[in-house]
Amino acid sequence: MSCLAIVGLACAGPATAQAQAEQSLCRADEKVLFACTTKARLVSICAARDLAPKAGYVQFRYGSPGSNEMIAWPEARYPRQDVTRGNVYLAGTLGRYLRFTMDQTSFVVFSVGGKSSGLVIEHNKVIQKKIICQQTTVSELKDVPVPLSYVIAVSGLAPD
């Protein structure tokens, strides 16, 4: 079993459908698997509407709407070799995470049962930045059809 341990986090609960649409970097023709706002940017995980074990794509996006400074990884294609998933535990509550790997950098998006969610950025397997979501509008990470990842532990997250 893959696990991500996270200590000392808090996060606001889900928002309305209108807020979900406004607070995502996904296109209208995509499925929103995860969307949250941080202090400075949006974090989104977008997928093909036809996402299945052998079809569709899953993509991480981080940035501001309308900005040219947005990260979108991996390419929107199948197979999904740069995306893995695992479990998160926070104060005895089970959650999920997806890890998006680009060269030596990983973007780990996590969500724990409505209690907390956020983004951890690693380079060469060393944590560079930890960001807590201020508001999570969508979190559907449970059954994303990507391979299982390895165990990691994270603590001491603070707002971005």
Side-chain angles (χ1 to χ4, degrees), residues 2 4 6 9 11-12 14-88 95-112 116-150 152 154 157-160:
S2 298
L4 171 67
I6 300 175
L9 302 175
C11 185
T16 66
Q18 180 180 356
Q20 289 177 11
E22 294 171 359
Q23 297 174 2
S24 166
L25 296 171
C26 301
R27 297 186 317 256
D29 65 337
E30 294 177 313
K31 183 176 181 179
V32 180
L33 297 179
F34 182 87
C36 84
T37 57
T38 69
K39 191 174 185 179
R41 295 185 176 97
L42 301 180
V43 177
S44 298
I45 298 177
C46 310
R49 288 251 180 233
D50 66 346
L51 182 64
K54 297 195 182 237
Y57 61 87
V58 177
Q59 189 177 59
F60 163 76
R61 297 182 189 155
Y62 179 60
S64 301
S67 171
N68 291 332
E69 298 180 11
M70 183 174 77
I71 297 169
W73 184 258
E75 290 181 35
R77 61 177 164 74
Y78 179 85
R80 299 176 294 273
Q81 62 215 24
D82 299 315
V83 185
T84 54
R85 65 183 165 90
N87 292 325
V88 175
R96 306 282 188 247
Y97 74 87
L98 291 182
R99 174 188 298 276
F100 297 83
T101 304
M102 177 174 48
D103 299 322
Q104 299 300 312
T105 302
S106 291
F107 303 94
V108 181
V109 177
F110 66 89
S111 180
V112 181
S116 186
S117 60
L119 169 66
V120 176
I121 302 171
E122 301 173 331
H123 184 71
N124 290 326
K125 298 185 180 181
V126 175
I127 294 172
Q128 302 296 311
K129 191 167 189 175
K130 305 169 191 177
I131 303 166
I132 295 175
C133 294
Q134 292 184 329
Q135 183 175 38
T136 302
T137 55
V138 179
S139 182
E140 301 292 333
L141 303 180
K142 185 177 179 185
D143 297 315
V144 179
V146 297
L148 284 171
S149 188
Y150 53 86
I152 61 175
V154 179
L157 293 177
D160 123 76

Colleague: Within a radius of less than 6.0 Å around CG of D103, do more than 12 heavy atoms belonging to other residues, nucleotides or ligands occur?
Modeller: no
Colleague: Kindly compute the distance separating CD1 (I71) from CD1 (I121), expressed to the nearest 0.5 Å.
Modeller: 6.0 Å
Colleague: Sequence neighbours left out, what passes salt bridge (charged side-chain N to carboxylate O under 4.0 Å, His left out) with R27? Give chain and number order.
Modeller: D29, E30
Colleague: Look at E122 together with R99 and state whether they make a salt bridge at an N to O cut-off of under 4.0 Å.
Modeller: yes
Colleague: Given side chains that start at C-beta, do those of I45 and L141 come closer than 4.5 Å, heavy atoms only?
Modeller: yes
Colleague: Show the nearest heavy-atom pair for residues V32 and S24, with the distance to one decimal.
Modeller: CG2-OG, 3.8 Å
Colleague: Could you state the interatomic distance from CG (D82) to OG1 (T101), rounded to the nearest 0.5 Å?
Modeller: 6.5 Å
Colleague: Kindly indicate, with the supporting measurements, whether the criterion side chain to side chain contact (heavy atoms under 4.5 Å, CB included) is fulfilled by L42 and Y62.
Modeller: CA-CA 6 Å; L42 301 180; Y62 179 60; over 6 Å; no
Colleague: Can you measure from SG (C46) to CG (L51) and round to the nearest 0.5 angstrom?
Modeller: 12.0 Å
Colleague: Indicate yes or no for a side-chain donor-acceptor contact from R85 to the backbone of Y97 under 3.5 Å, with no hydrogens or angles considered.
Modeller: no
Colleague: Short question: side chain of S117, backbone of S111 - any donor-acceptor pair under 3.5 Å?
Modeller: no
Colleague: State the OG-CZ distance between S44 and F60, to the nearest 0.5 angstrom.
Modeller: 9.0 Å
Colleague: Atom OG1 in T136, atom CZ in F110: separation rounded to 0.5 Å?
Modeller: 9.0 Å
Colleague: Using the side chain to side chain contact (heavy atoms under 4.5 Å, CB included) definition, which of the options N87, D143, V88 pairs with R96?
Modeller: N87
Colleague: Output all residues satisfying salt bridge (charged side-chain N to carboxylate O under 4.0 Å, His left out) with E75, sequence neighbours left out; order by chain, then residue number.
Modeller: R77
Colleague: For R80, check salt bridge (charged side-chain N to carboxylate O under 4.0 Å, His left out) against everything at least two apart and list the hits.
Modeller: none
Colleague: Side chain to side chain contact (heavy atoms under 4.5 Å, CB included) for C26 and F34? Distances and angles first, verdict last.
Modeller: CA-CA 9 Å; C26 301; F34 182 87; over 6 Å; no
Colleague: For V126, is there any backbone N or O sitting under 3.5 Å from a side-chain donor or acceptor partner on Q128?
Modeller: yes
Colleague: Okay, side chain of T38, backbone of R41: is any donor-acceptor separation there less than 3.5 Å?
Modeller: yes
Colleague: To the nearest 0.5 Å, tell me how far S139 OG sits from L33 CG.
Modeller: 9.5 Å
Colleague: Suppose we call two aromatic rings close when their centres sit under 6.0 Å apart. Are F107 and F100 close by that rule?
Modeller: no
Colleague: Of all the heavy-atom pairs spanning V83 and V58, show the shortest one and how long it is.
Modeller: CG2-O, 4.1 Å
